[in-house]
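Just so you know, ligand 1 is whichever comes first in the structure, and atom 1 is the first atom listed for that ligand. This is a predicted model, so every value here is computed, not measured.
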Amino acid sequence: MITHDILVVGGGLSGLSAALNADPSLSLAIISRVHPLRSHSVAAQGGINAALGNNPKGRDDDWEKHAFDTIKGSDYLSDQDAAELMCREAVPTIYGLEHSGVPFSRFPGGVIAQRPFGGAGFPRTCYAADRTGLVIAHTLYEQSLRKKVKVYDEALVTKLVVENGRCVGVVIYDLATGFITPIRARAVIFATGGYGRVYFKTTNAYVNHGSGIGMAYRAGVALKDMEFVQFHPTSLYPKNILITEGARGEGGFLLNNKGYRFMADYAPSAMELAPRDIVARSIQTEVDKGNGFESEYVHLDLRHLGEKTIDKRLPSVREICIKFAGVDPVEKPIPILPAQHYSMGGIDVDVRCASSLPGFFAAGECACVSVHGANRLGGNSLLETVVFGKIAGREASNYVNGLERKDGSERTLLDEAVAEKEKVDAWMDRTSGKMAHHLLNDLKIVMSDKVGIFRTKKQLQEALDKIRAIREDYRRAFISGQCLRYSQAVVNLVEFGYMVDLTEAITLGALLREETRGSHYRIDHPKRDDANWLKHTLVSLKDGEPEVVYRPVQITKYEPQERKY
Ligand SMILES: Cc1cc2nc3c(=O)[nH]c(=O)nc-3n(C[C@H](O)[C@H](O)[C@H](O)COP(=O)(O)OP(=O)(O)OC[C@H]3O[C@@H](n4cnc5c(N)ncnc54)[C@H](O)[C@@H]3O)c2cc1C
């Protein structure tokens, strides 16, 4: 049986960072559904935050101001010790990336360039034009080749294996051979990314189904703060490809159909650079009031920046707009609308990336440490992946090095793989029922219509009922073909089962949280309520049913205040 000390599931930035920082004397491998460089991390455009103080307007910046902005941006739901840890680590992390070879954009004089981003008191977002995720991922991947990190790509993890209350490996579906087999590991790190594909309108890649989050939940680990779903203000109409916040950071304006910079009515000081939850709601409100175009979108105007700046700082934005909307931002404003973008919630882990299940760790977007609370600031996610990926690699190594009895039993792992294979056989044996794409369509309708930017109790209750009905349909799912090699139908059905679970957790958390905080806007409870709701939501499975408990937020020195921008 294939056995490793540490298995990292996911080849994006968190997975690569974990692999590069694990104890090199241990046997480690990365498993990924796609080649590491096809992970969503490569799509990150705008940048990564650190209080370097390189921008002339950012000389007084320091990590504590970064922590304060992060906590305020989170609407005071982030755990302040975690936010402080991330922001303190940010500066050495950027220099570490630079020394590994990341080609950051530079200011004259040679220092790393920094641009303003939403919700930040100082311009502290380091970038490589608008291809920041791409260059960091390539650099870390090169480092992983240098260190000869073993990678199994095109392998879908279908289940976490637990024995005697300890994580002992995973079951995989190997796409090329069609085999469903176990891999034994002494520690498993999930770096499986977000779940954007449960919505129709999302900036996320097609691989972002969130199955890792669902697998942790099925294995008994709690999901934290799942109701907080980030909608990015500016996705390109009608394709929902991201137009980076860097475009507003460079000075872009948002205009309604009267040519008015409407952010003056919602965030008079920060304007277009208010945090994402506020800007996304403002755009949606303008559209709902009839101030949009074609009842769908508003304009992002970059024309005043000029062709030279656009080509230097936002070359991909220009290319994307021309190719996918036939609009050259040098000449015309860009049609934009909000779309699902990021998951603040995720697998409940502590600041060491450890979960309640011994041997199981998580980092990056799939995890909730929590640094982003109810709303993430742009540029903080790339930072989180590198900082907490590193911590996960080190902590998993310490765990493995301290283990007495090392391996899970072959019997348990094989039994789990057989059970997974039987599930697939049952789908193939059936000759009728619902197919994966129908099921996914049904789920996306519910999430897009009822669990969006604005929420009400009635809508959320209806959503929950529908999600539960869709789960019943899933029990009768079927696959028409019999071939197991590269079966997209198998991949989709495996992932779908986990998507139903995680959407139930999102919706249940949202239904119960009777307040408005960050990205969670309840029309029927439009105020933040610290007296009752300054706490994390934890949803776990108890006897197959979701159970919700709450945990206090860690406050260090930043007392909750009203958020004004
Ligand atoms: C378009 C876009 C632009 C962004 N721009 C920025 C930005 O400028 N700054 C910023 O801070 N943040 C940005 N973000 C957010 C940020 O890029 C992501 O949150 C971050 O890169 C996630 O990294 P990750 O390593 O956690 O996951 P990902 O990069 O999504 O990687 C997930 C990995 O898990 C693997 N995987 C998943 N499930 C399984 C499974 N069941 N079996 C096997 N493998 C599996 C996948 O193959 C993949 O390798 C952006 C996001 C998007 C969508």
What are the two closest non-hydrogen atoms of S17 and V386, and how far apart are they?
OG-O, 2.9 Å
Between K312 and E250, does at least one N-O distance fall below 4.0 Å, as a salt bridge requires?
no
Can we say R124 and D69 salt-bridge, meaning some charged N sits less than 4.0 Å from an Asp/Glu carboxylate O?
yes
Taking Q230 as the fixed residue, which of R276, Q340, H372 is the one that meets the side chain to side chain donor-acceptor pair (under 3.5 Å) rule?
R276
Set out, in order, the CA-CA distance, both residues' side-chain angles and the distance that settles ring-ring contact (aromatic ring centres under 6.0 Å, His included) for F122 and H66, then state yes or no.
CA-CA 8 Å; F122 295 93; H66 182 187; over 10 Å; no
Please could you name the atoms of ligand 1 that V34 approaches to less than 4.0 Å, counting only its heavy atoms?
47 (O)
Return the residue, atom name and 0.1 Å-rounded distance of the protein heavy atom closest to atom 25 (O) of ligand 1.
S14 OG, 2.6 Å
Proximity flag C366 to ligand 1, non-hydrogen atoms under 4.0 Å:
no
For atom 36 (N) of ligand 1, which of the options T158, T192, N208 provides the nearest non-hydrogen atom?
T192
Report the part of N380 (side chain from C-beta onward, or backbone N, CA, C, O) that has a heavy atom under 4.0 Å from ligand 1; answer both or neither where that applies.
backbone
With heavy atoms and a 4.0 Å threshold, my read on which part of E365 contacts ligand 1 is both
Return the residue, atom name and 0.1 Å-rounded distance of the protein heavy atom closest to atom 8 (O) of ligand 1.
G46 N, 2.8 Å
Considering only the protein, which heavy-atom contact is closest to atom 9 (N) of ligand 1, and what is its distance?
G47 O, 2.8 Å
For ligand 1, the portion of A205 having any non-hydrogen atom under 4.0 Å away:
neither
Of the listed options G214, S211, A191, G194, closest to atom 32 (C) of ligand 1 (non-hydrogen atoms)
A191
Check ligand 1 against L156 and write out every atom of the ligand that is under 4.0 Å from a heavy-atom position of the residue.
40 (C), 41 (N), 42 (N)
Should the proximity of T385 to ligand 1, defined as any heavy atom under 4.0 Å, be assigned to the side chain, the backbone, both, or neither?
side chain
Among non-hydrogen protein atoms, atom 51 (C) of ligand 1 lies closest to H40 NE2, 3.3 Å
What closest approach, in Å, do L175 and L156 show between heavy atoms, and which atom pair accounts for it?
CD1-N, 3.9 Å
Looking only at protein heavy atoms, which one is nearest to atom 42 (N) of ligand 1, and how far off is it?
V157 N, 2.8 Å
Would you please say whether a donor-acceptor pair under 3.5 Å links the side chains of Q143 and R146?
yes
Does a salt bridge link R106 with E98, judged by any charged N lying under 4.0 Å from a carboxylate O?
yes
Sidechain N-carboxylate O distance under 4.0 Å for R318, D311:
yes
Closest non-hydrogen contact found for P103 with A128 is O-CB, 3.6 Å
Taking atom 17 (O) of ligand 1 as the reference point, the nearest protein heavy atom with its distance:
A44 CB, 3.5 Å
Distance filter under 4.0 Å to T203 heavy atoms, resulting ligand 1 atoms
1 (C), 53 (C)
Contact check: L383 vs ligand 1, nitrogen or oxygen atoms, below 3.5 angstrom:
no
Between the side chains of R33 and E495, is the shortest nitrogen-to-carboxylate-oxygen separation below 4.0 Å, so that they form an ion pair?
yes
Give the atom numbers and elements of ligand 1 that come within less than 4.0 Å of a heavy atom of A155.
42 (N), 43 (C)
Nearest heavy-atom neighbours spanning I71 and S74
O-OG, 2.7 Å
Is there any N or O on G10 that sits under 3.5 Å from an N or O of ligand 1?
no
Under 3.5 Å side-chain donor-acceptor pair for Y486 and E154:
yes
I'd like the name of whichever of P36, S41, G193, G15 reaches closest to atom 23 (O) of ligand 1 through any heavy atom.
S41
Min heavy-atom dist I48 to ligand 1 below 4.0 Å
no
Taking only non-hydrogen atoms of M215, do any sit less than 4.0 angstrom from ligand 1?
yes
Is R471 salt-bridged to E504, going by a charged N under 4.0 Å from an acidic O?
yes
Hey, which atoms in ligand 1 end up nearer than 4.0 Å to a heavy atom of G12?
25 (O), 29 (O), 31 (O), 49 (O)
Between H4 and Y152, does the ring centroid distance fall short of 6.0 Å?
yes
How close do F388 and L85 get, counting heavy atoms only, and between which atoms?
CE2-CD2, 3.9 Å
Options H372, H341, E245, E495, ranked by nearest heavy atom to atom 50 (C) of ligand 1, top entry
H341
Measuring from the heavy atoms of G133, does anything fall under 4.0 Å of ligand 1?
no
Taking distance alone, with N or O pairs closer than 3.5 Å, would you say R33 contacts ligand 1?
yes
How about NZ on K201, more than 12 heavy atoms from neighbouring residues, nucleotides or ligands closer than 6.0 Å, or not?
no
Check for me whether R376 has a heavy atom closer than 4.0 Å to any atom of ligand 1.
yes
N or O pair under 3.5 Å between S381 and ligand 1:
yes
Close approach of G379 to ligand 1, heavy atoms, under 4.0 angstrom:
yes
Taking non-hydrogen atoms only, is L242 closer than 4.0 angstrom to ligand 1 via side chain, backbone, both or neither?
side chain
Around atom 11 (O) of ligand 1, find the nearest protein heavy atom and jot down its residue, atom name and distance.
L382 N, 2.7 Å
If I apply the N/O under 3.5 Å rule, does N204 come out as touching ligand 1?
no
Using the rule given for ring-ring contact (aromatic ring centres under 6.0 Å, His included), can you reason through F190 versus F360, listing the C-alpha separation, both sets of side-chain angles and the distance that settles it, and then say yes or no?
CA-CA 8 Å; F190 267 18; F360 177 63; 5.0 Å; yes
Short list, please: which atoms of ligand 1 are under 4.0 Å from a heavy atom of A43?
1 (C), 2 (C), 3 (C)
For atom 46 (C) of ligand 1, what is the closest protein heavy atom, and at what distance to 0.1 Å?
S32 OG, 3.7 Å
Is it the case that over 12 heavy atoms from other parts of the model lie below 6.0 angstrom from the CZ atom of F200?
yes
Are any of the N/O atoms on G364, whether in the backbone or the side chain, positioned under 3.5 angstrom from an N/O atom of ligand 1?
no
Give a yes/no verdict on whether any heavy atom in G210 is under 4.0 Å from an atom of ligand 1.
no
Compute whether any side-chain donor of one residue and acceptor of the other, for D75 and N375, lie under 3.5 angstrom apart.
no
Donor + acceptor pair across side chains of T158, E420 (<3.5 Å)
yes
Need the ligand 1 atom indices (1-based, order shown) with element for anything under 4.0 Å from a heavy-atom of S39.
29 (O), 31 (O), 48 (C), 49 (O)
Here the atoms of ligand 1 under 4.0 Å from any heavy atom belonging to Y342 are 19 (O)
Do F496 and H209 have their ring centres less than 6.0 Å from each other?
no
Would V207 count as a contact residue for ligand 1, given that I'm defining contact as a non-hydrogen atom of the residue lying under 4.0 Å from a ligand atom?
no
